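Shown next, in structure tokens, is the structure this report addresses.
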2 protein chains.
Amino acid sequence: MARTQGSHSDITGPRIRKAALNLFARHGYAAVSMRQIAKEVGVQAGALYNYTPDKQHLLFRLMREHMQELLSALGDLQQGQDAQEALRHFVGFHIRFHLQRPDEVFIAYMELRNLTPENFAEIEDLRRQYENALENILHTGQQAGQFAIPDTKIATLAVIAMLNGVMTWYRSGGRLSLDEVEQIYWNMVHKAVTA
Amino acid sequence: MARTQGSHSDITGPRIRKAALNLFARHGYAAVSMRQIAKEVGVQAGALYNYTPDKQHLLFRLMREHMQELLSALGDLQQGQDAQEALRHFVGFHIRFHLQRPDEVFIAYMELRNLTPENFAEIEDLRRQYENALENILHTGQQAGQFAIPDTKIATLAVIAMLNGVMTWYRSGGRLSLDEVEQIYWNMVHKAVTA
DNA sequence: ACAATATATGAACAATCGTTCAGATAGAAC
DNA sequence: GTTCTATCTGAACGATTGTTCATATATTGT
């Protein structure tokens, strides 16, 4: 008995990626088998290969789409504002965007080493584009005398690392609202870079 | 042919843990096989079980020893100083200690999900002890009016996350010396928490 | 020199891995 | 209603997994 429930091409594909996303985030890429993914979707393992050439591509596609959406959303945000305003928007954007996609974020930086060298290079390039957006803000503010940053490259990485820390503890419905979290982090980031 | 090179109990044990440490850090716990570890040591896979009950314990022991060394070294540091001085020492300590053990650090927070629940709880407890040491410093400074921190718990996690960012980019022999790195991060941390 | 012990080998176990593919069937097109 | 095609099953492939164990030997203690 095959094809038990009709024509599913447009439904099965997204469901596979969603299941892979969940399982990769929870157990790690290497620890998840194609059969586990298939079982979550309600299909046999062989059927997955109608939608992905192999397991590696499944991971790669999830990461690439996440990074592209991140850059796209950031692009919508960017305006010609003064550096401090831009930094405040960046902090809020980063926190909100990432908290909405905990699984994607987790994978995008935990599973980098499981990418083939070519795929890794592509994801790294996207990541660097994102970092550059923040560094430009910091650099602009530094030039304008608003910021006092010893090293803009390090400050960029430090700010992102600090903001990423939110993901390790924030749970919606917890002690703090999103607005409060944003406020607290902005307070620290702002003071850290200001002259 | 067995026991090809004499009595090695006191040598093989550490070599197995070192090999496991390296391989786990490079490829991830789930992606490393017992045979790979054995090969690195120059021994058959079965011999590993003279030194560990199973693969899981190998990971757990590496993580526990790392966390215990971290807490022990931190304990040596702690003195009765004022909060700002204590924070400066903590920043320097954290950066230097962690940069000296990149593999252990990497494992200690990338492989948490591969621990059994009991082992996970034990490592988490050690980690919390470390965080508490920093939070105490921040709390003391807050009480003394030296710091202006909206939320000491979040500030604790934010500072640690920020400092951990060093590990993603610092390479000894690079553009910056350890002293410079320490200086840059202290500058940012100090401003971020100060009133 | 001999007995005891610690430490290794190497084969074997069942289970699971990613992937392929011939065959089956449901829905779309006519 | 028939043909065509996209989609899935189910079995199979060889490779690899963590772990066990009977066996062998180098070293230690006497």
Side-chain angles (χ1 to χ4, degrees), chain A residues 1-24 26-63 107 111 113-116 118-119, chain B residues 1-24 26-63 107 111 113-116 118-119:
Chain A
M1 169 194 10
R3 188 74 166 294
T4 53
Q5 300 181 57
S7 182
H8 285 159
S9 163
D10 48 346
I11 291 184
T12 308
R15 290 221 303 160
I16 288 173
R17 287 187 288 278
K18 179 155 194 161
L21 176 71
N22 259 282
L23 291 169
F24 288 165
R26 203 160 33 238
H27 308 294
Y29 173 77
V32 172
S33 72
M34 294 298 269
R35 283 172 181 83
Q36 286 176 54
I37 299 171
K39 189 171 191 176
E40 189 94 353
V41 178
V43 102
Q44 294 295 317
L48 302 185
Y49 291 86
N50 289 323
Y51 302 93
T52 184
D54 49 35
K55 190 186 176 189
Q56 163 74 202
H57 186 82
L58 210 41
L59 173 65
F60 173 59
R61 175 166 174 174
L62 288 173
M63 294 176 70
I107 287 177
E111 304 296 353
R113 61 179 163 195
N114 287 311
L115 292 172
T116 62
E118 302 81 22
N119 290 343
Chain B
M1 169 192 14
R3 192 73 168 292
T4 51
Q5 301 181 60
S7 182
H8 286 160
S9 162
D10 48 347
I11 290 183
T12 309
R15 291 221 301 161
I16 288 173
R17 287 187 287 278
K18 178 154 194 161
L21 177 70
N22 258 281
L23 291 169
F24 288 166
R26 205 165 25 242
H27 308 293
Y29 173 77
V32 172
S33 72
M34 296 298 268
R35 284 172 181 84
Q36 286 177 55
I37 298 171
K39 188 170 192 177
E40 188 92 353
V41 178
V43 102
Q44 293 296 316
L48 301 184
Y49 290 85
N50 287 323
Y51 302 92
T52 184
D54 49 35
K55 189 187 176 188
Q56 163 75 201
H57 186 83
L58 209 43
L59 174 64
F60 173 58
R61 177 166 172 174
L62 288 172
M63 293 177 70
I107 287 177
E111 304 295 353
R113 62 179 162 193
N114 287 311
L115 292 172
T116 62
E118 302 80 22
N119 290 343

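Not measured: the values here are computed from a predicted model. Convention: sequence-line order gives letters A, B, ...; per-chain numbering from 1.
- Rounded to whole Å, atom P of C:dA11 lies 9 Å from atom CD of B:Q44.
- Here A:N114 pairs with A:E111 under the side-chain hydrogen bond (donor to acceptor under 3.5 Å, both in side chains) rule; sequence neighbours left out.
- Straight-line distance from the NZ atom of B:K55 to the C1' atom of D:dT16: 12 Å, rounded to whole Å.
- Looking at residues two or more places apart in sequence or on another chain, you find no side-chain hydrogen bond (donor to acceptor under 3.5 Å, both in side chains) involving B:R15.
- Qualifying side-chain contact (heavy atoms from CB on, under 4.5 Å) partners for A:A38, counting only residues two or more places apart in sequence or in other chains: A:V43, A:A45, A:L48.
- Atoms NE2 (B:H27) and P (D:dT16) sit 15 Å apart, rounded to a whole Å.
- Across the protein-nucleic acid pair, B:I11 atom CD1 and D:dA26 atom P stand 17 Å apart, rounded to whole Å.
- In this structure, of D:dT19, D:dC8, C:dT9, it is D:dC8 that holds the atom nearest to the side chain of A:A47.
- What separates CD1 of A:I16 from C1' of D:dC8 is a distance of 11 Å, to the nearest Å.
- Side-chain N/O atoms of A:Y51 include one lying less than 4.0 angstrom from OP1 or OP2 on D:dC8.
- In this structure B:N50 satisfies the side-chain contact (heavy atoms from CB on, under 4.5 Å) test with no other residue, sequence neighbours excluded.
- If you take CG of A:L58 and P of C:dG18, they are 11 Å apart, rounded to a whole angstrom.
- B:N50 has its CG atom 12 Å from the C1' atom of D:dC21, to the nearest Å.
- Taking the ring centre of A:F24 as origin, the terminal cationic atom of A:K55 falls outside the region bounded by 6.0 Å and 45° from the ring axis.
- Rounded to whole Å, atom P of C:dT9 lies 9 Å from atom CG of B:L48.
- Near-neighbour residues of DNA chain C inside residues 30-39 of chain A, defined by a heavy atom below 4.0 Å, number-ordered: A:V32, A:S33, A:M34, A:R35, A:Q36.
- Not counting sequence neighbours, A:R35 has no partner by the side-chain hydrogen bond (donor to acceptor under 3.5 Å, both in side chains) test.
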